[in-house]
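Along the sequence shown, the residues carry numbers beginning at 1.
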Amino acid sequence: MERRTIGAAALAVGAVGLGCMPMSWAYSGSRQRGDESVRAVHRALDLGSTLLDTADMYGPFTNELLLGRVLKERREDAFVSTKVGLLVGEQHIVANGRPGYVRRACDASLRRLQTDVIDLYQLHREDPEVPVEETWGAMADLVRAGKVRALGLCAMGARGGRRSGTRLHDATIRQLRRVQQVFPVSAVEAELSVWSREAMETLLPWCAERGIGFLAAMPLGNGFLTGTLTPGQGFEPDDVRARHPRFTAEMMAANQPVVSGLRRVAARHGKSVTPAQVALAWVLAQGPHVVPVPGAKQERWVTENAAATNLRLTARDLTELAQLPAALGSWD
């Protein structure tokens with residue numbers, strides 16, 4: 001698989017990563033099977049999808065434990081990215097950026113992952129009660145202690161903190177400028193897909209100008225861009241899509257032209273090419289510093305996603321995809 005680099009430290013990873021969250025959290029709990037997910041992680045590593053993206057809150061904790069089962073055998077094959085800063089309660093999630101907590105959380109993640117170093121340690125969310133410089137400074141100390149190789153910032157909470165009249169990632173960039181004064185940012189993780197392009201306005205170029213890697217979260221639109229979901233199919237109560245404004249039956253039907261466009265492009269490249277592979281190839285085409293991190297928990301989807309690195313979209317393809325209608329049912 002093609003290799004791409006993350007940050008000034010030139011950390012090399014496979015061009016398509018593996019989002020591990022669906023294996024343990026947020027998607028259809030009845031379909032989560034540990035042994036099946038372990039096989040999927042092994043398959044990803046076999047194919048060169050070396051970046052494994054997790055967080056201590058996934059489960060909570062169970063996703064790191066699952067990855068630890070693989071890492072104890074294949075640590076040298078993997079690039080491990082995990083996150084800190086969010087605590088999961090019964091019905092809520094709260095931020096904790098206190099330096100003491102960050103240090104304890106890192107040690108706990110290392111134990112669960114069965115490794116002595118985390119390749120990329122990401123701040124999942126800023127704690128509004130703690131200056132972000134203090135949190136970031138504690139994370140930087142972990143690099144100096146040899147427990148972490150590089151630091152990243154997760155911008156997945158950007159929508160919730162957005163003010164009227166501002167662009168989606170304006171606050172993220174202000175935050176990045178602050179932490180850069182403390183210790184270099186190697187990667188930023190934010191949503192980017194054919195139907196969620198806001199990062200292209202400011203955040204993606206900002207990262208490119210500074211040699212910062214960009215991890216594209218949800219590049220398959222929570223599964224919608226694969227073309228395998230049916231409008232009105234319903235989701236289990238614990239599935240995040242059951243409360244997602246783009247996954248009502250009405251909005252899924254209204255957004256079918258986006259999937260149809262992906263299918264048209266796929267058809268030009270052969271019968272074996274899928275809409276999901278086109279969606280991932282589009283993300284890969286946004287820059288050499290971009291690494292899509294599609295979530296998957298089965299070997300067949302991992303295999304399909306990895307093959308997207310072999311798909312080269314033409315100028316015609318990219319023009320057609322750029323002209324797809326905007327997604328309906330957005331948070332705005």
Quick one: ring pair (Phe, Tyr, Trp, His ring centres under 6.0 Å) partners of Tyr121, sequence neighbours excluded?
-> none
Who passes side chain to side chain contact (heavy atoms under 4.5 Å, CB included) against Ser37, sequence neighbours left out?
-> Met23, Leu66, Lys297
Any chain of hydrophobic side-chain contacts (each under 4.5 Å) joining Val182 to Ile173?
-> yes
Across all chains, not counting sequence neighbours, the side-chain hydrogen bond (donor to acceptor under 3.5 Å, both in side chains) partners of Thr54 are Asn63
Who are the salt bridge (Lys or Arg N to Asp or Glu O under 4.0 Å) partners of Arg75, not counting sequence neighbours?
-> Asp119
Between Asp56 and His124: side-chain donor-acceptor atoms closer than 3.5 Å | no
Quick one: side-chain hydrogen bond (donor to acceptor under 3.5 Å, both in side chains) partners of Thr226, sequence neighbours excluded?
-> Thr228
Identify, with sequence neighbours excluded, every residue that meets salt bridge (Lys or Arg N to Asp or Glu O under 4.0 Å) alongside Arg263.
-> none
With sequence neighbours left out, write down each residue that passes salt bridge (Lys or Arg N to Asp or Glu O under 4.0 Å) with Glu304, or none if nothing qualifies.
-> none
Could Lys83 and Asp53 be called an ion pair, given the rule that one side-chain N must be under 4.0 Å from one carboxylate O?
-> yes
Going by the side chain to side chain donor-acceptor pair (under 3.5 Å) test, which pairs reach into residues 1-20, not counting sequence neighbours?
-> Glu2-Arg4
ring-ring contact (aromatic ring centres under 6.0 Å, His included) pairs touching residues 219-238, sequence neighbours excluded, are Trp195-Phe224, Phe235-Phe247
Pro237 and Ala242: which non-hydrogen atoms are nearest, and at how many Å?
-> O-CB, 4.5 Å
Residues two or more places apart in sequence or in another chain: which of them pass salt bridge (Lys or Arg N to Asp or Glu O under 4.0 Å) with Glu133?
-> Arg178
Taking side-chain hydrogen bond (donor to acceptor under 3.5 Å, both in side chains) as the test, write out the residues that go with Ser260, two or more places apart.
-> none
Give a yes or no on whether Arg144 atom CZ has more than 12 heavy-atom contacts from other residues, nucleotides or ligands under 6.0 Å away.
-> yes
All heavy atoms of Pro22 vs all of Gly295, minimum pair found to be CG-CA, 3.9 Å
Throw together a table of side-chain donor-acceptor distances under 3.5 angstrom for residues 249-258, partners on residues two or more places apart or in other chains.
| unit_1 | atom_1 | unit_2 | atom_2 | d |
| --- | --- | --- | --- | --- |
| Asn255 | OD1 | Leu328 | N | 2.8 |
| Asn255 | ND2 | Met251 | O | 3.1 |
| Asn255 | ND2 | Leu328 | O | 3.0 |
| Gln256 | NE2 | Met252 | O | 3.1 |

